[in-house]
There are 2 protein chains.
Amino acid sequence: MRVSTRGEYGVRAMFDLALHFGDGPIALKTVAERQVVSEHYLEQLMAALRKAGLVKSKRGAQGGYELANSPANVSIGEIIRVLEGPITPLDCLDADVETGTGPYCRAPERCVLRNLWKELQDSMTQVLDNTTLEDLRQDAYRLEVAE
Amino acid sequence: MRVSTRGEYGVRAMFDLALHFGDGPIALKTVAERQVVSEHYLEQLMAALRKAGLVKSKRGAQGGYELANSPANVSIGEIIRVLEGPITPLDCLDADVETGTGPYCRAPERCVLRNLWKELQDSMTQVLDNTTLEDLRQDAYRLEVAE
DNA sequence: TTCATTTCCGACTAAATACGTAGGAATTGA
DNA sequence: TCAATTCCTACGTATTTAGTCGGAAATGAA
């Protein structure tokens, strides 16, 4: 029931970029130092975020990363999905019955426990999809910890 | 962000015992067959649930397991905690600052992201702690799938 | 008593996942 | 030209997950 370091560090990095949104590209080295995570490891996460279109990159000297969209338009849920896959307590919840994706839930309408896990999933996505980087940025200013 | 098979199978087994609550001990073999999981594996889960006081066991012929308390008094959250540990997206949320448990969150009041993860945790426990085995039992009768 | 049934217990293991590291090629601005 | 920086592939290792295996101990029934 945990978020992995991919998700945790990824959100931290995106939050960092949100604090500096509009300042042009930020070098990964800078983000890694501020957030105290391995630069090489962050690199992998940024590659995924870039391919998903959440960040833009610029190579070479004075290069770096920046958000592709304004912080208000990036939810934490998007970030987590890119880095960890679907937000679901059980794979079978997302399996497509029509296409037969996955060997699960051939009779979801008869699965009593499905409702339970579905409720859990909904409550998680409710929080993650309705919180944006802008929300976090404002929290940071309230807490006076913006860097 | 997934529940492991320990949690999933454990809830299934407890649900099964709830459906037969009051019928005396149920052999694990029976539960394993009905829920289609390995009996040996379930055995390990039941050991944990027994030590936590959620089920009672009776050894020998005609022996088996039964709920220690009525289904209405057993929440899914309890079951999950016994089998998977604390329900939290990040270990640092549960680390005790006073005793210094865990090397995390030495300044939680300054951690912007903490609020986010805390909200996520709350939304999860909200669902899991407020659903009981009795709720599931009633769902089963509504769906007419009680065995 | 004997025996089949059933829980109880500890060890073992194979596969997957998590969490990175290493090394270097390609690009870019100064 | 060169230092800074992204980009890419591969590798490695520790932990967790998801079980299996074999037998000891207890118990009710015949």
Side-chain angles (χ1 to χ4, degrees), chain A residues 1-13 17 23-68 80 82-86 89-91 103-104, chain B residues 1-13 17 20 23-68 80 83-86 89-91:
Chain A
M1 229 66 143
R2 311 294 159 90
V3 63
S4 70
T5 55
R6 285 178 66 89
E8 185 194 354
Y9 296 175
V11 170
R12 289 241 294 270
L17 293 183
D23 298 354
I26 312 287
L28 205 51
K29 189 180 178 185
T30 309
V31 177
E33 279 169 3
R34 276 198 294 241
Q35 301 297 327
V36 197
V37 299
S38 149
E39 183 183 347
H40 258 55
Y41 190 42
L42 253 196
E43 206 171 271
Q44 291 180 26
L45 310 186
M46 295 313 280
L49 292 166
R50 180 174 48 80
K51 283 168 190 161
L54 271 65
V55 299
K56 290 188 298 191
S57 63
K58 186 168 196 179
R59 303 176 72 166
Q62 321 308 321
Y65 294 89
E66 57 188 319
L67 295 185
I80 299 281
V82 167
L83 297 172
E84 308 203 339
L90 244 51
D91 280 330
Y104 315 98
Chain B
M1 229 68 144
R2 312 292 159 91
V3 64
S4 70
T5 56
R6 284 179 66 90
E8 184 194 355
Y9 296 175
V11 170
R12 291 242 295 270
L17 293 183
H20 300 90
D23 298 355
I26 311 287
L28 203 52
K29 188 180 178 185
T30 309
V31 177
E33 279 169 1
R34 277 198 292 241
Q35 301 297 327
V36 197
V37 298
S38 150
E39 183 183 348
H40 260 55
Y41 189 43
L42 252 195
E43 209 172 87
Q44 290 181 26
L45 310 187
M46 296 312 282
L49 293 167
R50 180 175 47 81
K51 283 168 189 161
L54 271 65
V55 299
K56 291 187 297 191
S57 64
K58 186 167 197 181
R59 303 176 71 164
Q62 322 307 322
Y65 294 89
E66 57 189 317
L67 295 185
I80 299 281
L83 297 172
E84 308 203 340
L90 242 51
D91 281 330

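No hydrogens, no waters, no symmetry mates; every other heavy atom, side chains included, goes into these values. Note that the structure is predicted; figures quoted are calculated from it, not measured. Here is the naming used below: chain letters follow the sequence lines, and residue numbers restart at 1 for every chain.
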Heavy-atom pair with the smallest gap, counting every atom of B:Gly85 and A:Arg2: C-NH2, 4.4 Å
Rounded to the nearest angstrom, tell me the gap between atom OH in A:Tyr41 and atom P in D:dT9. 18 Å
Tabulated below should be each protein N or O lying under 3.5 Å from an N or O of nucleotides 27-30 of chain D; please produce it.
unit_1, atom_1, unit_2, atom_2, d
D:dT27, O2, B:Ala61, N, 3.1

Using modelled atom types and a 3.5 Å cut-off, is there a donor and acceptor pairing between side-chain atoms of A:Glu84 and backbone atoms of A:Ser4? yes
Using side chain to side chain contact (heavy atoms under 4.5 Å, CB included) as the criterion, point out the one residue from B:Leu28, B:Leu49, B:Thr30 that pairs with B:Tyr65. B:Leu28
Is any side-chain N or O of B:Thr5 closer than 4.0 Å to OP1 or OP2 of D:dA18? yes
Do the side-chain N or O atoms of A:Ser57 get closer than 4.0 angstrom to the phosphate oxygens (OP1, OP2) of D:dT5? no
If you take all heavy atoms of A:Pro25 and A:Gln62, which pair is closest and at what distance? CG-O, 4.0 Å
Rounded to whole Å, please give me the gap between CD in B:Glu39 and P in D:dT20. 11 Å
Minimum heavy-atom separation for A:Leu83 to A:Ala48, with atom names? CD2-CB, 4.1 Å
Would you say B:Tyr9 reaches D:dG19's phosphate, i.e. side-chain N/O to OP1/OP2 under 4.0 Å? yes
B:Tyr41 and B:Thr5, any side-chain heavy atoms less than 4.5 Å apart: yes
In this structure, how many angstroms lie between the C1' atom of C:dC19 and the CZ atom of A:Arg2, rounded? 16 Å
For D:dT16, take OP1 and OP2 only and decide whether either is under 4.0 Å from a side-chain N or O of B:Ser4. no
At less than 4.0 Å, is any side-chain N or O atom of A:Arg6 found next to OP1 or OP2 of C:dC19? Yes or no. no
C:dT7 C1' sits how many Å from B:Leu42 CG, rounded? 13 Å
From NZ of A:Lys29 over to P of D:dA3, roughly how many Å is that when rounded to an integer? 14 Å
Under the salt bridge (Lys or Arg N to Asp or Glu O under 4.0 Å) rule, collect the residues that match up with A:Arg12, sequence neighbours excluded. A:Glu8
Is there a side-chain contact between A:Glu66 and A:Leu17 (heavy atoms, below 4.5 Å)? no
Euclidean distance, atom CE of residue B:Met1 to atom P of C:dT17 [Å, nearest integer]: 17 Å
What's the OH-P distance between B:Tyr65 and D:dA26, to the nearest Å? 15 Å
Compare side-chain N and O positions of A:Ser38 against OP1 and OP2 of C:dT21 and report whether any pair is under 4.0 Å apart. yes
Tell me, for nucleotides 10-16 of chain C in 5' to 3' order, what letter each nucleotide earns: B for a base near a protein heavy atom under 4.0 Å, S for only sugar-phosphate near one, - for neither? -B-----
Where is the tightest heavy-atom contact between A:Ala13 and A:Leu42, given as atom of each residue plus distance? CB-CD2, 3.9 Å
How long is the line joining CD of B:Glu84 and C1' of D:dT17, in whole Å? 11 Å
